[in-house]
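Notes for the one structure printed next.
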Amino acid sequence: MATYKLTTPISEEDIRKLRVNDVVYITGTIVTARDQAHKRALQFHEEGKRLPLNLEGLAVFHCGPIVKKEGDKWVIVAAGPTTSTRMDIFEDDFIKNFKTRIIIGKGGMGKRTTKAMQRYGAIYGAFTGGAAVLAAKAIKNVKAVEWFDLGMPEALWILEAEEFGPLTVAIDSHGNNLFEDIKQKTQGNLNAIYKKLGIEP
Amino acid sequence: MSLEKTIENVAVNLLRLAVTELPRDVKEALRNAYQEETSEAGKTQLKAILNNIELAEKTRTPMCQDTGTIIFYIKAGAEVGQLDKIENALFNATKRATTEVPLRPNAVDPIQQKNTGDNTGRNIPYINWEIVPGDIIEITVMPKGGGSENVCTMNMLVPGQGIKGLKKFVIDSVIKSGSKPCPPNILGVAFGGGADIAMKLAKNALLRSLNQPHKDPKIAQLEKELLDAVNQTGIGPMGLGGKFTVLGVNVDYAVRHPASFPAAVAFNCWAARRATAQVRPDGQIKYLTHELR
């Protein structure tokens, strides 16, 4: 297990160095995107329309933040991760089309995303669920908000972060998936637990 | 000040305390888990949780963006008058806390699919009533997170399998929930009574301090056995692997119908928020879980 501090835009070469269980802190641009933003981004790509910003080498954060306006400036109040599995149906095409290097969320993602990360060079960084104040503290500035018509949680919040983390590399670009490993291990532990409790499986 | 207004003010304080600061026993259990966790990934998660709760406490910000569904538990002294005023006071307190703390508006009308915007609506905040001897009103609030609520489960087990069937049901429920309920969790487990009674007792059990085993030694033993078993699954903090899948298991039961063995598992996330205060007839207020700052 190693700790890395990365600055966006992040190169494929840097991503390939990371392995599951490593810890990453990100400085630079992080963009929030949930279900609706993923859907629209892919639609834009299909129609040949440009996104509001170039996502290459950036980090996408599965998050619907609480944001307040102070004067004419947006301030992040709380920004914990949302469950990532909902984005599994979009993420492979998203990574392929936009060359996003880091996906941040909670709970892990499935086989489709793991394959795309291996093929195109991206990782999944797990941020602690519910640690909303810690996340907000690392966000120094709201650079812009796009697609606000999707609503506060679903909009693209373009954030300037300083040492955002800790992110545990849970899917690396070599086909490893920590959540899948743990799932298999827990299934393996089950029989021993049943036995100890005197339960028939 | 009227009783209604006093209750309203106390409930606003309780909501603020609950979402910004964990009760002492939960904080202690998280610190202990961090010390004893052996998985690196698990330790990283617990450290982040400890940093987060410290920051939330210091800045008086909600520790999690999901400030939950608001549930109240009232122990009303039988000698207290004006108990009919309490419901209104708690609804007003919830509305006020939503803007004053602030809380995330988490009450959605399921027919209109529209957020009511103030955390109140039909049957929410939900109020659990208990009449007790004396002249004190005890108010507890539990802001209950959605992620852990989504994996709560109940089942009608086969009576012939007895407690073994219950143990299997608890273990299987935890394995199935995986990383979803933001572990390390607190489990409320209950059996007997009926479908609704089992779940109600399981949820009530989440209010019991982690340092307080069940007073029946046989149930206390079951709590310990389940805790050890669940923590052998290896799910660990945030499902990234480790020793601490749960911080504690609180069990309760009711006698059962000969043909039925209802069982329920209620999950609470690591942000196991609760706050309690007592209102005395002379207007004196005593906060039991927190120090009022």
Side-chain angles (χ1 to χ4, degrees), chain A residues 1-3 20-23 63-68 76-85 106-108 126-138 151-153 165-170 178-179 181-190 192-201, chain B residues 20 39-42 44-49 51-59 61-67 102 104 145 147-148 150 161 163-165 167-168 170-172 174-175 178-183 225-226 228-230 232-242 245 269-271:
Chain A
M1 187 199 118
T3 299
V20 287
N21 271 317
D22 285 345
V23 173
C63 165
I66 304 179
V67 193
K68 68 175 175 193
I76 298 283
V77 178
T82 190
T83 302
S84 297
T85 45
K106 74 160 174 146
F127 189 77
T128 309
V133 193
L134 196 63
K137 196 189 162 213
M152 184 187 285
L167 306 173
T168 298
V169 178
L178 189 55
F179 282 102
D181 292 351
I182 303 291
K183 231 183 253 172
Q184 277 180 15
K185 262 187 215 156
T186 50
Q187 282 300 332
N189 291 339
L190 196 52
I193 297 171
Y194 282 164
K195 206 171 162 193
K196 202 174 166 196
L197 294 173
I199 300 168
E200 308 281 326
Chain B
T20 56
S39 124
E40 286 290 340
T44 304
Q45 297 304 310
L46 287 162
K47 183 73 195 160
I49 289 170
N51 286 343
N52 184 71
I53 59 177
E54 199 182 307
L55 268 173
E57 210 175 303
K58 213 160 44 184
T59 58
T61 313
M63 66 189 82
C64 175
Q65 73 280 1
D66 178 6
T67 48
R104 189 172 78 178
S148 58
N150 283 346
Q161 289 178 340
I163 295 296
K164 269 192 192 174
K167 288 176 185 172
K168 184 172 189 301
V170 173
I171 300 298
D172 291 351
V174 171
I175 295 266
S179 64
K180 287 201 253 342
C182 287
E225 201 182 351
L226 286 172
D228 291 343
V230 167
Q232 276 171 27
T233 58
I235 295 169
M238 295 311 300
L240 284 163
T245 303
C269 46
W270 63 258

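Chain letters run A, B, ... following the sequence lines, proteins first, then strands; residues in each count from 1.
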Taking the side chain as every heavy atom from C-beta outward, state whether [X] and [Y] have any pair of such atoms under 4.5 Å apart.
X: A:L197; Y: B:K164; answer: no
X: A:L190; Y: B:T233; answer: no
X: A:K137; Y: B:L55; answer: yes
X: B:N52; Y: A:T128; answer: no
X: A:K106; Y: B:C182; answer: yes

Flag, side chain of B:Q65 to backbone of A:G80, donor-acceptor distance under 3.5 Å: yes

B:W270 side chain to A:G129 backbone, donor-acceptor under 3.5 Å: yes

When A:A126, A:A132, A:G64 are compared by non-hydrogen pairs under 4.5 Å with chain B, the top option: A:A132

For chain B, the option from A:V77, A:I199, A:I193, A:V133 that forms the most heavy-atom pairs under 4.5 Å: A:V133

Hey, which of [options] has the most heavy atom pairs under 4.5 Å with chain A?
options: B:A229, B:A41, B:G236, B:G145; answer: B:A229
options: B:I171, B:I53, B:D66; answer: B:I171
options: B:M63, B:E40, B:E225, B:Q161; answer: B:M63
options: B:I49, B:L226, B:V230, B:T61; answer: B:T61

How long is the straight-line distance from [atom2] of [Y] back to [atom1] of [X], given to the nearest 0.5 Å?
X: B:S39; Y: A:N21; atom1: OG; atom2: CG; answer: 7.5 Å
X: A:Y194; Y: B:D172; atom1: OH; atom2: CG; answer: 3.5 Å
X: B:D228; Y: A:K196; atom1: CG; atom2: NZ; answer: 5.5 Å

Interchain contact, A:L134 with chain B, by part (heavy-atom threshold 4.5 Å): both

Nearest heavy atoms of A:T186 and B:I175, plus distance in Å: O-CD1, 3.9 Å

Shortest non-hydrogen separation from B:S179 to A:F179 and the atoms involved: CB-CE2, 3.9 Å

Partner set under side-chain contact (heavy atoms from CB on, under 4.5 Å) for B:P181, not counting sequence neighbours: B:S148, B:V151, B:S177, B:P183, B:N185, B:F267

Exceeds 12 heavy-atom contacts within 6.0 angstrom, atom CD of B:Q232: yes

Side chain / backbone / both / neither for B:A271 at chain A, heavy atoms under 4.5 Å: neither

Under 4.5 Å from any heavy atom of chain A - which part of B:T59: side chain

Derivation and outcome, side-chain contact (heavy atoms from CB on, under 4.5 Å), residues B:L240 and A:I182: CA-CA 7 Å; B:L240 284 163; A:I182 303 291; 5.7 Å; no

Derivation of the side-chain contact (heavy atoms from CB on, under 4.5 Å) call for B:K180 and A:T83: CA-CA 8 Å; B:K180 287 201 253 342; A:T83 302; 5.6 Å; no

